[in-house]
There are 2 protein chains.
Amino acid sequence: MRQLQMRRTTLKDLAEMLQISTSTVSRALKDHPDISSAVKMKVKEAAETFNYVPNDFAVNFRKKSSKVIGLIVPEITMFFIPSIIKGISSVLNKEGYHFFILSSNDSFETEKEHIETCINSRVDGILISLTNETKDCDHLKKLKEMEIPTIIFDKTVPQNIFESVIFDNIKNAELCAEKLIDQGCKNILAIFGDENLEITQSRLISFKSSINQVPEINLSIIFCKSANLVKEKLDLLLDDDSIDGFFAMSDETLMGLHSSLIKRSLNNTNRKVVAISEGTLPKYLDETYEYQINDGYEMGTFAAIQLLTSIKKEASGTHETETAIHQI
Amino acid sequence: MRQLQMRRTTLKDLAEMLQISTSTVSRALKDHPDISSAVKMKVKEAAETFNYVPNDFAVNFRKKSSKVIGLIVPEITMFFIPSIIKGISSVLNKEGYHFFILSSNDSFETEKEHIETCINSRVDGILISLTNETKDCDHLKKLKEMEIPTIIFDKTVPQNIFESVIFDNIKNAELCAEKLIDQGCKNILAIFGDENLEITQSRLISFKSSINQVPEINLSIIFCKSANLVKEKLDLLLDDDSIDGFFAMSDETLMGLHSSLIKRSLNNTNRKVVAISEGTLPKYLDETYEYQINDGYEMGTFAAIQLLTSIKKEASGTHETETAIHQI
DNA sequence: TTGAAAGCGATACCAG
DNA sequence: CTGGTATCGCTTTCAA
């Protein structure tokens, strides 16, 4: 088995051609102040003409830093992933970092494997959003031991051992409730996702308590794990038009709701729809819907910046065990 | 500046502890037939207890293979990217490969930079979908010279120098046209994306020629680069209900159409909507819409498999310059 | 201002 | 079956 790729020009090659040492070439290439500008010129020219490209493997190996971070997500959804990727790329690429995407497919076991993978491939840091199955952070402890900077985002668990970035679920649910109240809705149907999720619970509690402050409102609540389930349930539920206000806690639940409303031609009747949403998609659904936006792009950038910060701290030897929770 | 990460157990550490050579340890760990099972046992046990993890940097460096591939896409869209990522992950992860996502943000310059980045980081292969600005493959020639296996997918250019994977645009547009014809539509509006794109042109030509076989059909065509533009144009155009058939060449154009139909409560009147679609989203829009599916997941798996195949060929020294175009 | 040389950690060839 | 050793390409002291 031969080499995977054609042999490339190395530092040594340049050194031999110019009859100087590799150390000098190395330093010249990175504008080290010790090197005379004459030599720098020569070296850079040669590097240019011979198409020299530093071998990142060797550099990483030597420096023990991969400039790679691992992104572990519970699943690849169309609502959240694209915006979060954009956000993360925008800050990481600027700093010369790359990232892998590893999807846990909603399996705790896969999540654990991915964490091992990240450790093995020597990532400089990890951004992770936990699966629905993940109940604690035990499997993350190793990361702490190995001092691998890690930020948890979006889906977290209560006993959090890392810095994390989440949306302000309380506030958003509250604002949605207020919109429905202001609209004068009296018969509200609220649609939530997976009942076991932290994010569902916090939105639920907040939404309910806001609505309950207006005693004349009649509130029904359903939980559905997928857009399809929402649709199925609603197709049965919506047999009268008495509901004048809908709340969807996410894009996914909103999609199911929209689908069902369309089917029953209820979309333009006298009812209000408000939702918590990532915001990319819903603008095309119906102009009358109102949203409280959870901006995935913003979360991505924020989390990435936090991670880079703690990578730098690690590198400089500071060892504060940050576990702050940032709400955005 | 100290090491980024805590020192980990190395082969040498194990060798010293067991008082044997590193070569033996290395071989034992990978079940080399030469090694006695007694030694293997000992070594593996030690590796286990001391939490030995091979240093991928060193391995890659030595073997000149990164087990990383670069995925370059023109933009991060919610319609295509999630499914393509899922498809690619599903085959690459199984084979121990990872991939970076690099988005060109529809800029030819950025695309070129990303290609450089991939070369620098010594990826084992590249999966690339070109931007709208990309008119030829000159910037890809370097990849050919350097013998970096590359597959172009979805967005290609006519003078293609690499193997590529595309959807069967001709067939799909044709089938959509037939659906509208079968439905008896007489006044059709067809919505296309960016007029300059290869994929737009092939869908356009095919769709038009199919429709034109039925002389009594009146066909109007519009081109819009984004869902928003579709909506804006339609909000002006749709002042009467005479259109009884719509064709959208993509999810993006379909979203604009849907939005506009909803707004005018035209969604449940007597008209047919057919579209070429990635398929993830549209099932929630309106049950009466019909689709010709371009499956991003399938494209992802297919492209990834092709890439792995050519990586293996490269490795074994076979040098067929494949430029086959696969339609799926 | 420059060079020599020591590794980083794993692999593989050649001996024994 | 096992050990010694060169090597991958680069960075980084230490010496000159």
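Proteins get letters first, then strands, A, B, ... in listed order; numbering begins at 1 in each.
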From [atom1] of [X] over to [atom2] of [N], roughly how many Å is that when rounded to an integer?
X      : N      : atom1 : atom2 : value
A/K12  : C/dA5  : NZ    : P     : 13 Å
A/L11  : C/dC8  : CG    : P     : 19 Å
B/F57  : C/dT11 : CZ    : P     : 15 Å
A/K63  : D/dC10 : NZ    : P     : 12 Å
A/R8   : D/dC8  : CZ    : P     : 16 Å
A/F61  : C/dG7  : CZ    : C1'   : 9 Å
B/N120 : D/dG9  : CG    : P     : 16 Å
A/R122 : C/dC8  : CZ    : C1'   : 11 Å

Original post:
If you round to the nearest 0.5 Å, how far is CG of B/L143 from CD1 of B/I161?
Top reply: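 B/I161 CD1 to B/L143 CG: 7.5 Å, rounded to 0.5 Å.
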Original post:
To the nearest 0.5 Å, what is the distance between CD1 (B/I81) and NZ (A/K86)?
Top reply: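 NZ of A/K86 is found 9.5 Å from CD1 of B/I81.
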Original post:
Given D/dT12, C/dA10, C/dT2, which nucleotide is nearest the side-chain atoms of A/T24?
Top reply: C/dT2
Original post:
If you take all heavy atoms of B/I328 and B/E298, which pair is closest and at what distance?
Top reply: CD1-C, 4.0 Å
**OP:** Quick one: closest heavy-atom pair of A/H139 and A/L130, and the distance?
**Re:** NE2-CD2, 4.5 Å
**OP:** Ignoring backbone atoms, establish whether A/S21 has a side-chain N or O less than 4.0 Å from OP1 or OP2 of C/dA4.
**Re:**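 The answer is no; no side-chain N or O of A/S21 sits under 4.0 Å from OP1 or OP2.
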Subject >> Phosphate-side-chain proximity, A/S23 and C/dT2, N/O vs OP1/OP2 below 4.0 Å >> reply: no
Subject >> Side-chain ion pair, B/K112 and B/D138, N-O less than 4.0 Å >> reply: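 Judged by the 4.0 Å cut-off on N to carboxylate O distance, B/K112 and B/D138 do not form a salt bridge.
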**OP:** Decide, yes or no, whether a salt bridge links B/K63 with B/D56 under the criterion of side-chain N to carboxylate O below 4.0 Å.
**Re:** no
Subject >> Whichever of A/P54 and B/T22 has its nearest DNA chain D nucleotide further upstream toward 5' >> reply: B/T22
Original post:
Given that A/N55 and B/Q19 both sit by DNA chain D, which one's nearest nucleotide is further toward the 5' end?
Top reply: B/Q19
Original post:
Can you list, by residue number, the residues of residues 29-45 of chain A that have a non-hydrogen atom closer than 4.0 angstrom to DNA chain C?
Top reply: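 Contacting residues: A/D34, A/I35, A/S36, A/V39.
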Original post:
So, does the side chain of B/R27 form a donor-acceptor pair with the base of D/dG3 at under 3.5 Å?
Top reply: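 Counting by modelled atom types and ignoring angles, a donor-acceptor contact under 3.5 Å is found here.
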**OP:** Give a yes or no on whether a donor-acceptor pair under 3.5 Å exists between the nucleobase atoms of D/dT7, that is its base, and the side chain of B/R62.
**Re:** yes
Original post:
Does NZ or CZ of A/K144 fall inside the cone over A/F162's six-membered ring, less than 6.0 Å from its centre and within 45° of the axis?
Top reply: yes
